[in-house]
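Inspection log for the structure reproduced underneath, given as structure tokens.
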Amino acid sequence: MITSNIDQINNRIKNICESCGREPEHVRLVAISKTHPEETIREAYDAGIRDFGENRVQELTSKMNHLPSDVIWHMVGTVQTNKIRDMVHRVDWVHSISKTKYLKELEKRAARLDRHIRVLIQVNISDEDQKSGCDPESLPDILEYAAGLKHVSVHGLMGMASFTDDRDLIRRQFRLLRELRDNHRGYESETVRLDELSMGMSGDYDIAIEEGATMIRLGSTVFGKREYD
Ligand SMILES: *Cc1c(COP(=O)(O)O)cnc(C)c1O
């Protein structure tokens, strides 16, 4: 079941890329395994997936200690200062950084373990209060701060579109994220590169790829519907 889901997704990624003139290798599938048990994650692993994402630190830490060491772990949910410590020994990517104070804490914790962590800055592109992410106006400050880090590097932006059937609206929001990325290239430095765009979930990843996503975060299309969130 999971294996055929992944086959279908890979085919769809290929087709979408073909029709918009992109290379499928430039779209990384991050399987969002939240709420699913380790056995289920192993099925996806056996089908070739290596990038997995979780949205809760506790769930992430318990899973990442039990799965193969070549799994690349992505934290995609809201982070808090006091939780950063619990994941920093193993997490590879954090997509959901929205404030300099989290960069500071990550740097401190990663330095102690002599680890390197890659992050994306999450931007609020949907103007919905309940969605997290920084305001576009605060990007310059965050990127300037990131230029002084050693154990943390910024690789791009992450955003979530509105939960809506209005596909034009979703497209405008993804396009906004891409434009923000393009417009902040001037802030690139040794530790800040803006190559990645993490956008697109099960319901809208086709639009995200067309608008330039380099990472798509898919949960239900990979694993089936979640019983809870
Ligand atoms: C759950 C989640 C996803 C995946 O959602 P699906 O609609 O199941 O693909 C992607 N990104 C984040 C931040 C999530 O929390």
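Counting from 1, the numbers follow the sequence of the chain as shown.
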Electrostatic pair E179-R175, nearest N-O below 4.0 angstrom = no
Hey, can you pull the donor-acceptor pairs under 3.5 Å for the side chains in residues 136-143, sequence neighbours left out?
{"from": "S138", "atom 1": "OG", "to": "D135", "atom 2": "O", "distance (Å)": "2.8"}

Cation over ring face, R12 and Y205, 6.0 Å, 45° | yes
Salt-bridge contact E211-R171 (side-chain N to carboxylate O under 4.0 Å) = yes
Quick one: does V27's side chain get under 4.5 Å of C17's, heavy atoms only?
-> yes
Less than 4.0 Å between a side-chain N and a carboxylate O, is that true for E210 and R22?
-> no
Please examine the side chains of M75 and W93, heavy atoms only from C-beta on, and report whether any two atoms are closer than 4.5 Å.
-> no
side-chain hydrogen bond (donor to acceptor under 3.5 Å, both in side chains) partners of R42, counting only residues at least two apart | none
Under 3.5 Å donor-acceptor, T214 side chain and L197 backbone = yes
Flag the pair K104 and E107 as a salt bridge only when some basic side-chain nitrogen lies within less than 4.0 angstrom of an acidic carboxylate oxygen.
-> no
Anything under 30° is parallel, anything over 60° is perpendicular, the rest tilted; go ahead and classify F52 against F223.
-> tilted
Looking at side-chain heavy atoms only, is the closest gap between R28 and I72 below 4.5 Å?
-> yes
Considering all heavy atoms, the nearest I49-A31 contact = CG2-CB, 3.9 Å
V154 side chain reached by R193 side chain, heavy atoms, under 4.5 Å | no
W73 side chain near L67 side chain, heavy-atom distance below 4.5 Å = yes
Kindly compute the distance separating CD (E105) from CZ (R85), expressed to the nearest 0.5 Å.
-> 8.5 Å
Does a salt bridge link R109 with D86, judged by any charged N lying under 4.0 Å from a carboxylate O?
-> no
Between OG1 on residue T35 and CZ on residue R56, distance to nearest 0.5 Å | 9.0 Å
Does D92 pair with R118 as a salt bridge, N-O distance under 4.0 Å?
-> no
Should the pair E54-K63 be classified as a salt bridge under the 4.0 Å nitrogen-to-oxygen rule?
-> yes
Does R112 come within less than 4.0 Å of D114, counting only side-chain N to carboxylate O?
-> no
